[in-house]
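Data first, discussion second: the structure below is written as structure tokens.
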Amino acid sequence: MGRDDGNGFVRCSFGHLHWGLHGAAGLLLIDPERGVLLQRRAWWVHHGRTWALPGGALEAGESPREAATREAREEAAIAPELVRPTASSTVDHVDWSYTTVLATVLRPVNERVANSESAELRWVPPDEVGKLPLHRDFALAWPALREELGRELVLVVDAANVVGSRPDGWWRDREGAAERLRGKLAALEKNGVRGTDFEVPGDAWTWWPRVVLVVEGQARGVVSVDNVEVVQAETDGDSAIVRVVKEARASRPEDHVVVVTADRELRSRVRAEGAAVLGPGALLRVLDGG
Ligand SMILES: [Zn+2]
């Protein structure tokens, strides 16, 4: 038995012909110094000679994020550990879909044409993308993709307020409750979150948030793990949360910053700093898969 690599054409419900039996995905990689990485497709592939993204068909059981990073490695020699996926946008044609995975370089990457589906790779400043002969579907998607290029969803979680919102005995073990919350937040990195569940507009968008968990009092022993930065409040949690929001807004004003708390005074303080606000119940529904 060979692997199900998903190679093949699909006729979608709208009558289009698309590549990828399980759908397809591409990587939109940005290097703030150089622009976005585009690929000119070999003449013999579907829509050959046009400019688009490294990408291709999903293999059976593969997520779009996995497929996009795998294809970028196969076609452009991009090492997955050098890029951080931030968000994705899906065009859904019922029996076929295409997901564009937006990612930012963590360190400069040395791309090179690595297989025969790619004819040329080029870093293109965002302003100049529209001047190239683009693949039809990429040309249609580009304006909306550009809006979110290089932006992150930053989730700032008021641990005491979130764990306190449920009467499950958390007060007997505040540190344990905060650790369980941290574990669930870390797990968001697998599938990401729908932007619309976190006050970020756009039905088609999924985000892999940068999570900051602010702990105080008896939960101060909780430490950072992969994908969750834990901030230990020196005095009160509210001031620490406002400070985290201010720093995030000052260093990267383009990001979407969302604070999770039910505290009314804190809500108005962080809104004044330009953050959006979400209630603990809404976060817990996402974390518990409800
Ligand atoms: Zn279609």
Side-chain angles (χ1 to χ4, degrees), residues 28-33 83-89 101-107 126 145-163 178 181-189 192-202 205-217 219-220 222-280 282-284 286-287:
L28 175 52
L29 185 60
I30 181 148
D31 178 337
E33 305 288 314
V83 309
R84 161 155 163 70
T86 51
S88 71
S89 176
V101 176
L102 282 66
T104 305
V105 298
L106 297 171
R107 295 196 296 281
L145 297 172
R146 186 182 177 168
E147 282 284 305
E148 305 295 350
L149 207 58
R151 299 174 87 175
E152 295 219 44
L153 170 58
V154 182
L155 202 55
V156 184
V157 180
D158 180 351
N161 194 268
V162 172
V163 299
L181 175 61
R182 182 192 60 186
K184 289 179 181 182
L185 289 165
L188 293 178
E189 185 63 15
V193 298
R194 278 197 310 247
T196 47
D197 287 338
F198 287 85
E199 308 290 315
V200 183
W205 286 84
T206 293
W207 294 81
W208 290 284
R210 187 164 79 73
V211 181
V212 182
L213 179 65
V214 180
V215 300
E216 58 185 298
R220 291 240 313 260
V222 179
V223 295
S224 298
V225 292
D226 278 354
N227 310 321
V228 179
E229 179 193 348
V230 175
V231 170
Q232 283 134 0
E234 294 293 327
T235 51
D236 71 304
D238 290 8
S239 301
I241 289 166
V242 173
R243 182 171 48 76
V244 166
V245 170
K246 277 187 178 171
E247 284 172 5
R249 299 284 302 151
S251 61
R252 294 178 46 89
E254 68 277 19
D255 285 350
H256 305 282
V257 180
V258 179
V259 176
V260 184
T261 185
D263 185 291
R264 283 181 67 179
E265 192 205 328
L266 179 58
R267 283 177 162 232
S268 62
R269 286 173 72 189
V270 297
R271 279 201 178 106
E273 300 296 336
V277 165
L278 193 74
L283 174 67
L284 291 170
V286 171
L287 295 181

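Below, each value reflects all heavy atoms present in this structure, side chains not excepted, and no hydrogens, waters or symmetry copies. Quick caveat: nothing in here was measured; it's all calculated off a predicted structure.
Taking Arg252 as the reference, Glu254, Asp255 meet the salt bridge (Lys or Arg N to Asp or Glu O under 4.0 Å) condition, with sequence neighbours excluded. Shown here are the side-chain contact (heavy atoms from CB on, under 4.5 Å) partners of Asp236, two or more places apart in sequence or in another chain: Asp238, Ser239.
Using a distance-only test at 3.5 Å, with no hydrogens or angles considered, no donor-acceptor pair links the side chain of Arg267 to the main chain of Val259. The backbone N or O of Glu273 lies less than 3.5 Å from a partner atom in the side chain of Arg249, making a donor-acceptor pair. Counting only distance, with no hydrogens or angles, the side chain of Ser224 and the backbone of Val230 share a donor-acceptor pair below 3.5 Å. No side-chain donor-acceptor contact under 3.5 Å links Thr104 to the backbone of Gly150.
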Begin from the C-alpha positions of Val270 and Val257 and carry the test side-chain contact (heavy atoms from CB on, under 4.5 Å) through to its verdict. CA-CA 10 Å; Val270 297; Val257 180; over 6 Å; no
For a side-chain contact (heavy atoms from CB on, under 4.5 Å) check, start with the C-alpha distance between Leu287 and Leu188, then their side-chain angles and the critical distance, and finish with the verdict. CA-CA 8 Å; Leu287 295 181; Leu188 293 178; 3.8 Å; yes
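Using a 4.5 Å cut-off on side-chain heavy atoms (C-beta onward), Val105 and Pro32 make contact. Taking the side chain as every heavy atom from C-beta outward, Val156 and Val214 approach each other to under 4.5 Å. No side-chain heavy atom of Trp207 sits under 4.5 Å from any side-chain heavy atom of Leu155. The shortest distance between side-chain heavy atoms of Glu148 and His256 falls below 4.5 Å. Under the 4.5 Å side-chain criterion, counting only non-hydrogen atoms from C-beta, Leu185 is in contact with Leu283.
To the nearest 0.5 Å, the span separating CG on Asn227 from CG on Leu213 amounts to 13.0 Å. How far CZ of Arg107 is from CG of Asp31: 13.0 Å, rounded to the nearest 0.5 Å. The structure places CG of Leu102 at 8.5 Å from CD1 of Ile30, a figure rounded to the nearest 0.5 Å. To the nearest 0.5 angstrom, Trp205 atom CH2 is 12.0 Å from Leu153 atom CG. Expressed to the nearest 0.5 Å, how far CZ of Arg269 lies from CD1 of Ile241 amounts to 9.5 Å.
Across all their heavy atoms, Val215 and Ala159 have their closest contact at CG1-CB, 3.8 Å. Scanning both residues, Arg220 and Glu216, for their nearest heavy atoms gives CG-C, 3.5 Å. The two residues Leu266 and Asp263 have their closest heavy-atom pair at N-OD1, 2.9 Å. Considering every non-hydrogen atom in both Val225 and Ala186, the closest pair reads CG2-CB, 4.4 Å. Considering all non-hydrogen atoms of both residues, Arg210 and Arg84 come closest at N-NH2, 3.7 Å. The two residues Ala262 and Asn161 make their nearest non-hydrogen contact at N-OD1, 2.7 Å.
Shown here is Glu189, whose CD atom has more than 12 heavy atoms of other residues, nucleotides or ligands within 6.0 Å.
Using a 4.0 Å cut-off between charged side-chain N and carboxylate O, Arg243 and Glu247 make a salt bridge.
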